[in-house]
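Notes for the one structure printed next.
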Number of protein chains: 2
Amino acid sequence: MAISTEEKIRDAAKRIFLEKGFGSTTTRDIAESADTNIALVNYYFHSKERLFQEIFQDSFAETFAPATRILNDDLPLEAKIYKFVDYMTDLLKKDPLLPVFVLSEMRGENTKMCEMASKMQEAGPNKFLQQLEREAEKGNIRRVDFDQVEVSLMSMVVFPFISMNVLKLKKQMSTEEFYRFVEERKKAIPEMILSYLRCREE
Amino acid sequence: MAISTEEKIRDAAKRIFLEKGFGSTTTRDIAESADTNIALVNYYFHSKERLFQEIFQDSFAETFAPATRILNDDLPLEAKIYKFVDYMTDLLKKDPLLPVFVLSEMRGENTKMCEMASKMQEAGPNKFLQQLEREAEKGNIRRVDFDQVEVSLMSMVVFPFISMNVLKLKKQMSTEEFYRFVEERKKAIPEMILSYLRCREE
DNA sequence: GCTATTTTTAAACATTTGATTAATCAACCG
DNA sequence: CGGTTGATTAATCAAATGTTTAAAAATAGC
């Protein structure tokens with residue numbers, strides 16, 4: 001059997017919501033793009049808002065769950081950092097609009113999306129920070145603010161995708177060149193993090 | 001004289017557009033928040049779209065012009081990096097929603113906002129890259145891909161603000177703690193960049 | 001003080017938009 | 001076949017939204 005109507009609608013909705021956000025997307029956009037009519041959108045998903053929440057939830061999980069998972073893996077520090085950058089870069093190459101979508105819907109302190117995100121994230125200890133602590137104990141790396149390191153790591157991987165179109169403008173890159181650029185970051189980012197952690201203090 | 005109606009509208013529009021984006025903002029939102037009526041919004045700005053374009057243009061310039069300016073300054077490398085992080089952090093502490101606003105309106109390859117942004121950015125040689133090249137020539141720093149360094153620098157400064165609400169959730173930070181966190185990055189970010197540029201190759 | 005201009009207001013207009021309805025069609029089951 | 005259920009369609013509704021209008025109020029110029 002081919003793809004179901006429900007899936008066609010969900011796929012179209014995801015594509016359009018990611019590109020235009022909740023407010024700039026109409027039910028008719030979605031219906032037309034899914035090659036059906038607006039009644040079916042509400043038939044399967046009750047309302048634009050509920051459909052959106054489903055897409056948002058998926059997108060949030062799709063973006064942050066793998067990141068958390070890898071950082072909690074049992075891997076040597078260096079291998080883990082490389083794996084993190086590698087995996088996240090590949091993920092975002094497939095879906096470059098994911099982070100800007102999720103984060104733009106989460107601006108504003110007390111939005112429904114923030115509340116939603118807070119409900120769906122597991123607490124648990126941060127094994128990556130613990131690992132860095134242990135490595136510092138063993139004298140393998142410098143003791144610095146590891147929260148800062150974690151945020152920097154995430155920043156360097158994700159931000160180029162969020163600012164993709166500005167970056168392409170400023171550096172006169174084509175889409176292919178942009179993808180080559182982030183591909184090269186798979187080496188550059190871990191090197192930067194590791195040199196910071198390993199080099200002698202000044 | 002007190003603040004003019006036109007300014008009241010512009011201020012309200014900026015605040016609401018930054019928080020909710022173009023699509024989720026209504027003319028009535030703006031009018032009410034500016035303590036006037038919708039007719040005046042169109043009286044002074046002709047249409048919601050034109051008002052938005054004015055706000056977007058300002059916001060784009062406000063975000064990227066200072067960054068470009070500082071990186072083109074005549075300053076020693078280390079001082080310049082510190083100044084860049086310092087200045088940009090202070091700027092974003094005042095207006096944390098600026099980058100997510102600009103970048104979320106610029107997703108989608110061929111949007112009007114992308115076109116707009118491309119028109120308003122000066123070309124000119126990238127003096128920061130030239131400076132890094134010269135320092136490498138002199139043997140003061142390693143020769144690495146300096147485009148990657150520049151993007152990483154920008155990423156580490158800007159991304160925490162874009163992901164502010166996720167960050168506050170994950171790290172259980174209050175607003176004050178978040179601001180303290182980015183304040184500490186004023187040291188951490190330059191240290192990371194410089195250690196990468198200066199440490200021996202492996 | 002009177003006129004001309006600008007600013008402000010309330011009301012209305014035409015579309016758009018999210019959602020619903022009632023009827024039709026298709027599929028499955030006994 | 002008959003009938004029940006689920007899927008689909010076209011039409012419609014009410015509310016929201018961007019914009020305009022025409023009149024009133026305020027301001028400026030002489």
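First the proteins, then the strands, lettered A, B, ... as listed; each starts at 1.
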task: For DNA chain D, determine which residues of residues 43-60 of chain A have any heavy atom closer than 4.0 angstrom to one of its atoms, and list them numerically.
output: A:Tyr43, A:Tyr44
message: Please confirm whether the shortest side-chain N or O distance from B:Asn37 to OP1 or OP2 of C:dT9 is below 4.0 Å.
response: yes
task: Answer yes or no on whether A:Lys48 is positioned over the face of A:Phe22, meaning its NZ or CZ is under 6.0 Å from the six-membered ring centre and within 45° of the axis.
output: yes
- request: Give the intermediate values and the outcome of salt bridge (Lys or Arg N to Asp or Glu O under 4.0 Å) for residues B:Lys171 and B:Glu177.
  value: CA-CA 10 Å; B:Lys171 304 267 184 200; B:Glu177 286 169 322; over 6 Å; no
query: What do the steps show when you test A:Phe17 against A:Phe101 for ring-ring contact (aromatic ring centres under 6.0 Å, His included), and what is the final call?
result: CA-CA 8 Å; A:Phe17 277 139; A:Phe101 166 69; 7.1 Å; no
- prompt: Are the side chain of B:Arg185 and the backbone of B:Val157 linked by a donor-acceptor contact shorter than 3.5 Å?
  reply: no
field: Pair A:Glu176, A:Ser174: side-chain N/O donor-acceptor within cut-off below 3.5 Å
entry: yes
query: Is the closest side-chain donor-acceptor distance between B:Arg15 and B:Ser33 under 3.5 Å?
result: yes
Residues touching DNA chain C, which here means a heavy atom under 4.0 Å, drawn from residues 24-35 of chain A: A:Thr25, A:Thr26, A:Thr27, A:Arg28
- prompt: What's the CG-P distance between A:Leu40 and C:dG18, to the nearest Å?
  reply: 16 Å
query: Short question: side chain of B:Gln53, backbone of B:Met113 - any donor-acceptor pair under 3.5 Å?
result: no
- request: Test side chain to side chain contact (heavy atoms under 4.5 Å, CB included) on A:Lys170 and B:Phe64 and set out the steps.
  value: CA-CA 10 Å; A:Lys170 294 234 171 200; B:Phe64 292 104; 3.8 Å; yes
Atom-pair distance (CD1 on A:Ile38; P on D:dA11), nearest Å: 12 Å
field: Length of the line joining A:Asn42:CG and C:dG18:C1', which is rounded to integer Å
entry: 7 Å
- prompt: Hey, does the side chain of A:Thr5 come within less than 4.0 Å of D:dA7's phosphate (OP1/OP2), counting only N and O?
  reply: no
